[in-house]
Amino acid sequence: MKSKKKKLISVIAVVIAVVLAAGLPMIQRAAGRNSYLKVIRNNWGLSLPAGCVEVYEIDSGPSFHGDGERYHVFEYREGKEVPVWGNAEGLQDADRKRIVEILDGLDGKKEWYRDFESVTDMGKDKKQDESCVYFLFDGEAARLYVVERFI
């Protein structure tokens, strides 16, 4: 009788271990999905729609103080909510120059740079320490381009 209980407990333990091992990657993937949107919310206090997938990212690397530049490209899927700021005209020449300067400093792949003419919506924020973030949205491609500089 005791050996049957031990075998049953062993079988149940193995089944639970297999289920957890199979499900863990899916849980981790789901938890990590759009994780940089959470970072944006924490750093800038902005909540962006989560119906997107990060398709490109590059940054200036780790730094002791957390300063540096970051660039992320998110693609929104059809039928998902997309970000809206309503001021695509708000992108000034100085902003364009700063964005190009940041991207050139990152030395990323040029095919991921956004042509300013295709930007249908944009947003920007600046902190007292001169850290800044730019959000450029291309409505036709359903892509959000996030350019950050932390000082």
List the atom of [X], the atom of [Y], and the distance in Å for their closest heavy-atom pair.
X	Y	answer
Cys52	Leu37	SG-CD1, 3.6 Å
Asp67	Ser63	OD1-OG, 2.6 Å
Val133	Glu148	CG2-CG, 3.4 Å
Tyr36	Arg70	OH-CD, 3.0 Å
Arg96	Phe116	NH1-CB, 3.3 Å
Arg98	Cys132	NH1-SG, 3.7 Å

Check: Between Tyr113 and Leu106, does a side chain to side chain contact (heavy atoms under 4.5 Å, CB included) hold up when you go through it step by step?
Finding: CA-CA 11 Å; Tyr113 286 21; Leu106 288 171; 5.6 Å; no
Next item on the list: Output the distance between atom CD (Glu75) and atom CZ (Arg143), rounded to the nearest 0.5 Å.
Entry: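 Output value for this atom pair is 4.5 Å.
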Item checked: Lys124 NZ to Phe135 CZ distance, which is reported to the nearest 0.5 Å -> 12.5 Å
Check: Picking from Leu144, Leu46, Asp121, what satisfies side-chain contact (heavy atoms from CB on, under 4.5 Å) with Pro83?
Finding: Leu144
Notebook entry, point to check: Are there more than 12 heavy atoms of other residues, nucleotides or ligands under 6.0 Å from atom CD of Glu111?
Noted result: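 Atom CD in Glu111 is packed in, count exceeds 12.
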Notebook entry, point to check: Do the charged groups of Asp104 and Lys110 touch, with an N to O distance under 4.0 Å?
Noted result: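 Salt bridge between Asp104 and Lys110, a charged N being under 4.0 Å from a carboxylate O: yes.
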Note to self: Just checking Phe150 against Trp44, ring centres under 6.0 Å apart?
What the structure shows: yes
Next item on the list: List the steps, then state whether salt bridge (Lys or Arg N to Asp or Glu O under 4.0 Å) holds for Lys126 with Glu130.
Entry: CA-CA 6 Å; Lys126 195 174 195 179; Glu130 297 299 312; 3.1 Å; yes
[X] (side chain) donor-acceptor with [Y] (main chain) under 3.5 angstrom:
X	Y	value
Asp95	Gln92	yes
Ser60	Glu69	yes
Tyr56	Lys109	yes

Checklist line | Cluster overlap Ile151 with Leu103, hydrophobic side-chain contacts below 4.5 Å | finding: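 Ile151 does not cluster with Leu103.
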Item checked: Parallel, tilted or perpendicular: rings of Tyr145 and Tyr71 (30°, 60°) -> parallel
Checklist line | Residue pair Leu48 / Phe74, side-chain heavy-atom distance below 4.5 Å | finding: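 No, side chains not in contact.
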